[in-house]
There are 2 protein chains.
Amino acid sequence: MSQVQKLTTASLHRPGKKLTRTHAALLNALLELLDEKSFEQITIREITAKAGVGYATFFRRYQDKEELLHDLAAQEIRRLLTMTLPIVHAADTYASTLALCSFIWKHKKLWHALLTGGAAAILKEAYLQEALAACRDQADPSASLPIDLAVSVAIAGIVETLSWWLRQSNPPDVEAMAKTINRLAIRPVFEQDDLL
Amino acid sequence: MSQVQKLTTASLHRPGKKLTRTHAALLNALLELLDEKSFEQITIREITAKAGVGYATFFRRYQDKEELLHDLAAQEIRRLLTMTLPIVHAADTYASTLALCSFIWKHKKLWHALLTGGAAAILKEAYLQEALAACRDQADPSASLPIDLAVSVAIAGIVETLSWWLRQSNPPDVEAMAKTINRLAIRPVFEQDDLL
DNA sequence: AGCTTTATGATACAGTGTGTATCATAAAGT
DNA sequence: ACTTTATGATACACACTGTATCATAAAGCT
């Protein structure tokens with residue numbers, strides 16, 4: 001937890017770590033800081049300090065805070081998509097949302113940080129991009145809904161629901177949330193728009 | 001449009017304006033700036049300059065940019081809610097969403113600014129608060145969905161859909177969007193959750 | 001091993017925006 | 001006319017950012 005490793009002239013920089021120890025240290029530092037405060041309140045100086053990395057070094061890899069968060073978000077979302085993707089493939093949507101909710105619940109601390117406050121917008125954007133890329137392939141041209149709109153609204157609904165879930169003091173169980181997501185975010189996108 | 005009124009020692013400050021000319025000037029200045037750039041890029045100095053108001057004066061009324069935007073958002077949303085509220089009362093949801101979309105379309109330039117980028121989060125929050133306040137009264141205790149969650153997801157869906165709409169180069173017409181909002185954001189919240 | 005290239009740490013620095021404090025003046029209230 | 005309040009105009013202390021510089025450690029290459 002105290003990752004502050006003074007690298008003054010100590011014997012770190014093991015040759016074992018192949019690609020950029022710095023990289024991982026920054027991601028990890030941001031992750032830890034997100035547990036303590038909101039993304040907006042975190043400064044680059046804090047991140048580099050906790051990562052045990054020089055301040056200027058940050059800008060050699062990222063342009064700004066947002067880019068680092070986007071990197072972190074993409075990393076976590078890639079795992080999550082393994083759960084979410086089957087939803088799109090329409091096999092068994094309930095099983096998929098259930099898997100999604102279970103996954104979130106297992107890592108609720110992490111996802112609470114990612115889905116709360118200013119971080120949520122960036123995470124949602126990364127989520128949206130990944131989901132869109134995955135959906136465009138098998139997009140149904142005869143669909144009554146533009147694929148971009150459908151995915152945008154579905155993702156927004158999922159993110160909103162999960163965010164609400166993680167903020168509750170007495171949160172519903174995983175099964176209930178899976179049903180809720182299915183009802184509010186997934187089914188509306190797939191069903192026929194017969195009435196009105 | 002050039003609202004930059006030099007107030008050096010000119011004969012402004014008409015006694016006619018009763019409550020705080022400054023107040024309105026700031027709101028108006030932000031509104032105009034939102035047409036030129038995104039909310040994040042706007043500085044308080046710019047706002048006060050365009051409003052023809054002293055820089056320090058800003059902080060006598062608002063704590064920060066966000067508070068001013070929240071004020072502006074609340075103002076615009078109050079009008080919009082006159083359209084949206086009937087949706088909740090479940091009389092004729094299509095007529096309500098149609099009214100909502102027509103209203104947005106009529107003021108699309110304004111709402112494009114409010115629903116795009118960093119401003120969207122604050123607007124959504126204001127929208128959510130107003131909608132929640134309006135819904136709590138007649139909340140159905142036997143509902144299968146917590147009222148907070150239902151409204152949150154509905155608002156998120158509406159905002160997401162409208163935002164998508166206003167970003168299109170060849171946007172669908174008002175009727176189509178009303179149907180879409182009805183299908184994606186309104187109906188899912190009200191329907192019975194029979195299956196699964 | 002010796003030379004070269006690259007990644008880092010450690011500062012220093014300029015630029016920008018924020019929020020507060022101060023003071024004199026104009027507007028409004030009495 | 002006297003008092004109170006709102007404003008304009010600065011000035012300032014602060015916090016962050018993003019860039020530049022320089023010396024050093026690590027890694028790669030011959």
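Distance CZ (Arg45(B)) to P (dT10(D)): 12 Å, rounded to an integer number of Å. Atom CD1 of Ile47(A) and atom P of dG18(D) are 11 Å apart (whole Å). Protein atom CZ of Phe58(B) is 16 Å distant from nucleotide atom C1' of dG8(D), rounded to whole Å. Across the protein-nucleic acid pair, Leu68(B) atom CG and dG19(C) atom P stand 13 Å apart, rounded to whole Å. Separating the OH atom of Tyr62(B) from the C1' atom of dT18(C) is a distance of 18 Å, rounded to the nearest angstrom. One can place CG of Leu33(A) at 16 Å from C1' of dC16(D), the figure rounded to the nearest angstrom.
The aromatic rings of Tyr62(A) and Phe58(A) sit tilted, their planes meeting at an angle between 30° and 60°.
Comparing dT22(C), dG9(C), dG17(C) by their nearest atom to the side chain of Arg60(B) picks out dT22(C). For Phe59(B), the side-chain atoms get nearest to dG19(C) when compared with the rest of dG8(D), dC13(C), dG19(C). Listed nucleotides: dT17(D), dT18(C), dG8(D). Nearest to the side chain of Tyr55(A): dT17(D).
Residue Thr43(B) places no side-chain N or O under 4.0 Å from the OP1 or OP2 atom of dG17(C). OP1 or OP2 of dA7(C) has not a single side-chain nitrogen or oxygen of Thr22(A) nearer than 4.0 Å. For the pair Arg61(B) and dT5(D), the criterion of a side-chain N or O lying under 4.0 Å from OP1 or OP2 is not met. Proximity of Thr57(A) to the phosphate of dT8(C): no side-chain N or O atom is located under 4.0 Å from OP1 or OP2. Arg21(A) has no side-chain polar atom (N or O) that falls below the 4.0 Å cut-off from OP1 or OP2 of dA25(D).
Listed for the Arg183(B) side chain is a donor-acceptor partner under 3.5 Å among the backbone atoms of Val189(A). The backbone N or O of Gly118(B) lies less than 3.5 Å from a partner atom in the side chain of Glu40(B), making a donor-acceptor pair. With hydrogens and angles ignored, the 3.5 Å screen pairs a side-chain donor or acceptor of Thr97(B) with a backbone N or O of Tyr94(B).
The residue among Ala56(A) and Ile44(A) whose nearest nucleotide of DNA chain D lies closer to the 5′ end is Ile44(A).
In this view, Arg61(A) satisfies the side chain to side chain donor-acceptor pair (under 3.5 Å) rule with no residue, not counting sequence neighbours.
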